[in-house]
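Just so it is clear, the model here is predicted, and its values are computed rather than measured. For reference, positions follow the sequence shown, starting with 1.
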Amino acid sequence: MRLCVRMRRMDLDPDACYRAVATRDARFDGKFFTAVKTTGVYCRSICPARTPKRRNVAFFPTAAAAHEAGFRPCLRCRPETAPDCGAWRGTSNTVSRGLALIELGALDQGNIEQLAERLGVGERQLRRLFRQHLGATPIGVAQTRRVLLAKQLLHETQLLITDVALASGFGSVRRFNETFQRLFARPPSALRRDSRAQHPSDSASGITVLLRYRPPYDWDATLSYLRARAIPGVESVSSAQYARTIEIDGTSGTVSVTHAEPNALRARICFPKLAALPVVIARLRRLFDLGADPGAIAEHLSMDPMLARLVALRPGLRVPGAWDGFELAVRAILGQQITVPAATGLAGKLVKVHGEIIPAGSAAAGLTHLFPSPRTLAAADLRQLGIPKQRATALASLSAATAADPSIFSAQTSLDEAVLRLRSLRGIGEWTAQYIAMRELREPDAFPAADVGLLRAMADVSGRRPTPGELLVRAQCWRPWRAYAAHHLWASLRGASGRDDAGQVARVVATRAKKSRPVVRQRGLFTRAPL
């Protein structure tokens with residue numbers, strides 16, 4: 001079935017789509033939606049309802065496209081629970097960055113003209129790109145996300161209707177009620193699946209939501225990666241759970257994430273402001289890379305015989321993101337030229353001295369502080385932490401730049417432009433910029449070619465250690481998924497040694513630096529372990 005290839009061109013093959021619907025093929029769940037003309041409903045490809053006749057259906061690449069065409073989401077298969085489709089990723093970087101900004105509330109706080117300006121394109125061009133790649137306008141995408149989140153909260157929580165309206169991004173309860181009455185010909189309360197009484201919500205005590213993904217998902221590998229880099233006091237990672245403190249617009253809280261079946265993560269969000277829920281969910285989805293299409297990525301990378309074996313060993317391997325770009329950049333600078341455990345200790349010390357203590361009532365086990373803000377670190381004397389003067393100066397410069405322009409770590413430009421912009425900051429070189437682009441900007445093609453771990457992994461799997469330039473040339477066939485290729489190579493080091501690649505590589509680097517002056521002079525190459 002050639003559905004996936006044709007979808008990337010926004011040219012759905014109706015016959016292929018209908019065969020997927022008739023067989024309820026789970027491989028295509030979320031990759032298109034079926035609109036039934038006789039009922040006015042749009043469904044997932046796996047909807048258990050009776051298959052409609054071919055002449056009565058139309059197919060749309062996204063839920064937003066079906067919504068804009070006048071169809072409403074099915075109450076049975078619940079399109080809001082379908083995994084995000086990553087098939088279009090790589091076809092338009094502008095659309096990818098625009099979606100990321102919309103998910104983080106760009107159209108809740110601004111308009112489409114401002115969004116287009118942030119992306120460096122005209123409003124008309126932005127609308128055209130969204131139509132071409134998603135089948136809907138930016139406004140339509142934002143509205144559909146609100147409706148689907150509200151529907152999910154109605155089904156999965158017992159929040160009051162007013163709280164659901166606020167938490168899903170609607171400006172008012174009246175607007176919320178009117179939208180649902182128009183879509184479903186019934187009030188929002190009628191969509192609840194049981195008759196249990198609504199309980200007053202207490203967002204500080206926690207709201208639990210399910211975050212769906214497209215299987216497979218290597219949950220253990222994701223936790224292992226995050227555990228090795230967890231900042232004491234801010235993050236806590238066990239064998240089954242990730243938890244951390246969060247801060248949004250001056251308000252603090254905590255989140256914890258565990259695996260749930262089937263094909264979902266369960267997030268418990270303890271945050272006083274319900275209006276911030278869409279942003280928290282969007283950040284968590286980026287942190288755990290839930291929008292990836294592992295099948296498409298694996299298919300592409302497996303065309304390289306060398307990577308095919310690694311991909312087969314680690315199905316569902318993701319690229320873990322970051323909660324906050326500034327936090328990630330500080331952690332990366334702290335980790336330059338030292339081991340990962342040492343960097344973690346420094347980050348914990350930084351947090352203990354300069355981080356804000358969270359209220360005792362909202363603190364979970366091991367979570368005590370918020371990560372320091374850019375303004376706090378810009379005014380702090382970081383030499384007291386025992387770090388070199390040059391690195392303290394770099395951190396102060398980074399903090400001042402971020403305080404002056406918080407958008408430094410937002411996805412607004414192409415990968416090359418973002419790397420150049422990041423490299424203009426003191427203390428951030430090519431490796432660090434690519435690393436930030438990979439984890440915070442969610443650039444699937446980011447690739448730190450000078451990373452010593454990647455060079456060692458290539459030596460293990462190919463029998464010859466390449467130079468960074470040679471590795472860049474070798475990686476051309478992995479585009480646009482070089483970030484995933486990098487993680488498969490890093491994972492091969494862990495699999496071979498039984499230890500985390502970052503710690504192992506950093507220890508090797510430290511030993512070499514002590515033994516040889518030439519290595520010390522080449523620290524830019526040899527001290528870039530996966531921090």
Side-chain angles (χ1 to χ4, degrees), residues 1-8 25-31 83 85-91 213-225 263 288-321 415 434-435 438-439 442-502 504-505 530:
M1 199 178 291
R2 300 186 58 82
L3 176 64
C4 294
V5 175
R6 305 187 82 168
M7 280 190 61
R8 293 192 180 105
D25 195 329
R27 293 176 300 167
F28 303 106
D29 186 18
K31 292 189 175 182
C85 176
W88 56 267
R89 295 181 188 274
T91 59
Y213 61 78
R214 186 178 303 283
Y217 190 101
D218 195 336
W219 171 244
D220 291 337
T222 300
L223 279 187
S224 176
Y225 188 92
N263 305 333
F288 291 97
D289 195 18
L290 301 185
D293 185 346
I297 296 170
E299 180 183 2
H300 180 80
L301 295 181
S302 295
M303 289 190 290
D304 185 330
M306 186 199 73
L307 276 184
R309 179 178 61 84
L310 302 182
V311 172
L313 288 173
R314 293 277 189 174
L317 187 67
R318 304 299 172 103
V319 176
L415 173 59
Q434 292 283 349
Y435 182 69
M438 177 189 294
R439 294 194 58 192
R442 306 307 300 149
E443 287 285 353
D445 204 34
F447 191 69
D451 178 76
V452 67
L454 295 182
L455 300 177
R456 290 184 67 248
M458 285 294 292
D460 290 343
V461 298
S462 67
R464 177 183 174 275
R465 179 167 178 154
T467 65
E470 290 173 336
L471 180 56
L472 266 181
V473 174
R474 180 71 175 80
Q476 286 300 306
C477 63
W478 304 338
R479 307 191 79 166
W481 309 111
R482 292 186 303 180
Y484 292 87
H487 273 267
H488 277 289
L489 289 168
W490 283 332
S492 72
L493 291 176
R494 290 198 299 271
S497 66
R499 294 182 293 178
D500 182 75
D501 57 298
Q504 179 186 5
V505 172

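- Proximity of a side-chain donor or acceptor of H300 to a complementary backbone N or O of C477 within less than 3.5 Å is detected.
- Between H487 and Y225, the distance from one ring center to the other falls under 6.0 angstrom.
- The CZ atom of R456 lies 7.0 Å from the CZ atom of R465; values are rounded to the nearest 0.5 Å.
- D445 and W478 are not linked by any side-chain donor-acceptor pair at a separation below 3.5 angstrom, with hydrogens and angles left out of the test.
- When all heavy atoms of P294 and P216 are compared, the closest pair comes out as CG-O, 3.7 Å.
- Here the closest non-hydrogen pair linking R439 and G321 is NH2-O, 2.7 Å.
- Between the side chain of E443 and the backbone N or O of M438, no donor-acceptor pair lies under 3.5 Å.
- A donor-acceptor contact shorter than 3.5 Å links the side chain of S492 to the backbone of L489.
- Summarising the geometry, atom CZ belonging to R482 is positioned 11.0 Å from atom CG belonging to L454; distances are rounded to the nearest 0.5 Å.
- Among all heavy-atom pairs drawn from P315 and D218, the shortest one is O-CB, 3.9 Å.
- With sequence neighbours left out, the ring-ring contact (aromatic ring centres under 6.0 Å, His included) criterion links Y217 to Y213.
- Between L313 atom CG and L307 atom CG the span is 11.5 Å, to the nearest 0.5 Å.
- Among pairs with a residue in residues 302-311, those fulfilling salt bridge (charged side-chain N to carboxylate O under 4.0 Å, His left out) read D304-R474, at least two apart in sequence or across chains.
- Nearest heavy atoms, I297 versus A292: CD1-CB, 4.2 Å.
- Side-chain contact between N263 and P83: absent, with no pair of heavy atoms (C-beta onward) separated by less than 4.5 Å.
- Annotation for S302 and A308: closest pair O-CB, 3.6 Å, computed over non-hydrogen atoms.
- At a threshold of 4.0 Å, the pair R464-E470 counts as salt-bridged, since one of the basic side-chain nitrogens sits closer than that to a carboxylate oxygen.
- Annotation: the span from L317 atom CG to L301 atom CG amounts to 10.0 Å, rounded to 0.5 Å.
- Under the side chain to side chain contact (heavy atoms under 4.5 Å, CB included) criterion, A298 pairs with V311, not counting sequence neighbours.
- To the nearest 0.5 Å, the span separating CH2 on W490 from CG on L310 amounts to 14.0 Å.
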task = Applying salt bridge (Lys or Arg N to Asp or Glu O under 4.0 Å), run through K31 and D293 and close with a yes or a no.
result = CA-CA 10 Å; K31 292 189 175 182; D293 185 346; 3.3 Å; yes
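- Under a 4.0 Å N-O distance rule, the pair D289/R442 qualifies as a salt bridge.
- For L290 against R318, the heavy-atom pair with the smallest separation is CA-NH1, 4.1 Å.
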